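These numbers were taken from a predicted model, which means no experiment stands behind them. Numbers restart at 1 for each chain; the letters A, B, ... are given by sequence-line order, proteins then strands.
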There are 2 protein chains.
Amino acid sequence: MEPMKCEFDERIKLFEQVCKSKNIKITHQRMEIFREIATAGDHSDAESIYQRVKERLPTISLDTVYRALWLFNDLGLIKTLGATRERTRFDANLNQHHHFTCSVCGLIRDIYAKDFDELKLPNSINEIGQPYSTHVEVRGVCLTCSQNKKQDQR
Amino acid sequence: MEPMKCEFDERIKLFEQVCKSKNIKITHQRMEIFREIATAGDHSDAESIYQRVKERLPTISLDTVYRALWLFNDLGLIKTLGATRERTRFDANLNQHHHFTCSVCGLIRDIYAKDFDELKLPNSINEIGQPYSTHVEVRGVCLTCSQNKKQDQR
DNA sequence: CTGGGTGCAAATTCTTTGCAGCTTT
DNA sequence: AAAGCTGCAAAGAATTTGCACCCAG
């Protein structure tokens with residue numbers, strides 16, 4: 001299912017291309033960090049990436065990892081999971097619903113859609129675990145923000 | 001679209017029921033905090049709930065708000081948005097994919113499903129903003145965790 | 001009354017930043 | 001050589017915790 005090696009090389013290439021095109025230096029540290037996150041299919045946090053890269057670059061520091069990861073994110077080379085770079089939010093709406101998140105201002109609006117509620121999970125889910133809830137997250141730019149400016153939409 | 005008053009009263013009732021059944025005291029603070037989050041349809045963070053509750057209970061402290069919110073969450077009265085209570089995670093997989101999150105151990109696995117990729121957004125989305133990506137998050141208990149124990153699945 | 005709950009202040013944890021020296025281009 | 005990066009250490013932000021007093025049941 002996963003053409004590992006190939007995928008990996010492609011990603012490295014893309015990484016190099018993007019960096020060059022934006023005049024961003026490809027340092028040892030950045031390369032190793034990118035390698036690490038591109039290899040491991042997991043969804044690591046900065047700390048564990050730091051630990052793994054450290055094995056090869058013992059002098060690297062955690063803040064370099066953070067800076068690199070956010071840089072990659074800004075370049076569109078990786079993504080973050082969850083409502084990141086933000087505080088925990090709480091939701092008292094227990095009805096089945098979904099969310100629209102504005103990537104500019106952080107606004108979250110509820111979405112009600114029957115189609116979303118009735119999603120059929122793929123059979124492969126059984127190889128992973130026992131699901132008990134499904135939720136759709138739409139990302140975009142809210143009306144206010146897109147009217148204000150047609151600016152940096154990630 | 002939103003039967004406000006009715007919904008609200010129901011939630012308060014549910015709140016009282018659950019608290020009583022679990023021998024959890026319904027203090028002034030908890031009631032006001034719950035009221036606040038049940039009223040405001042938004043997805044507030046602890047700080048803003050704190051600010052709003054403070055208007056009615058000027059002596060309340062932020063940590064009480066946190067304790068109450070996590071309590072409500074554990075009781076199933078509210079939910080949290082995003083990958084909360086955790087660190088930021090990074091994902092190098094840029095292919096269209098979705099996630100299964102284990103609520104016990106925090107494991108995140110990729111899900112590939114055509115149905116998920118091709119979701120039709122409701123028309124109402126246009127009243128909210130300009131969408132550019134859609135992502136399905138399945139929550140559940142992974143095989144390892146459900147084998148280990150059939151324990152606290154939120 | 002009595003045990004859980006609150007407020008306060010201090011501690012943690014995760015993440016970011018200032019700065020001087022070091023590397024890529 | 002120049003601009004951009006890194007590592008260090010210290011700062012910041014969000015959230016949690018210890019403890020003595022207080023209040024709901």
- prompt: Does a nitrogen or oxygen in the side chain of B:W70 sit under 4.0 Å from OP1 or OP2 of D:dT16?
  reply: yes
Contacts of B:D91 meeting salt bridge (Lys or Arg N to Asp or Glu O under 4.0 Å) (sequence neighbours excluded), chain-then-number -> none
Residues joined to B:L143 in its hydrophobic cluster, side chain to side chain under 4.5 Å directly or through other members, sorted by chain and number, are none
In 5'-to-3' order, the base (B), backbone-only (S) or no-contact (-) status of each nucleotide in nucleotides 3-12 of chain C, using a 4.0 angstrom heavy-atom cut-off, is BSSSBBB---
Q: Go through the steps to decide whether B:D63 and B:R67 satisfy the test salt bridge (Lys or Arg N to Asp or Glu O under 4.0 Å), and finish with yes or no.
A: CA-CA 6 Å; B:D63 58 85; B:R67 280 189 274 226; 2.5 Å; yes
Here the distance between atom P of C:dT25 and atom NZ of A:K20, to the nearest Å, is 8 Å
Does C:dC14 have OP1 or OP2 under 4.0 Å away from a side-chain N or O of B:T88? no
Taken to the nearest whole Å, CD/A:E47 to P/C:dT16 is 14 Å
In whole angstroms, the gap separating P of D:dA10 from CG of A:L62 amounts to 16 Å
Hydrophobic clusters here meaning ILVMFWY residues chained together by side-chain heavy-atom distances under 4.5 Å, can you tell me if B:L107 and B:V104 are in one? no
Connected to A:F116, directly or through other members, by ILVMFWY side-chain contacts below 4.5 Å are A:F100, A:I111, A:L119, A:L121, A:I125, A:I128, A:V136, A:V138, B:F100, B:I111, B:F116, B:L119, B:L121, B:I125, B:I128, B:V136, B:V138
Sorted by position of nearest nucleotide on DNA chain D, 5' first, the leading residue of B:I26 and B:D45 is B:D45
From CD1 of B:I49 across to C1' of D:dT15 the rounded distance in Å is 14 Å
When rounded to whole Å, the OH to C1' distance for the pair A:Y50 and D:dC8 reads 11 Å
Whole-Å distance, A:Y66 OH to D:dA11 C1', equals 15 Å
Hits for ring-ring contact (aromatic ring centres under 6.0 Å, His included) against A:F90, two or more places apart or cross-chain, chain-then-number order -> B:W70
When rounded to whole Å, the CZ to P distance for the pair A:R87 and C:dC14 reads 18 Å
Taken to the nearest whole Å, CZ/B:R89 to P/C:dT15 is 11 Å
Sorted by chain and number, sequence neighbours left out, salt bridge (Lys or Arg N to Asp or Glu O under 4.0 Å) with B:R35 holds for B:E32
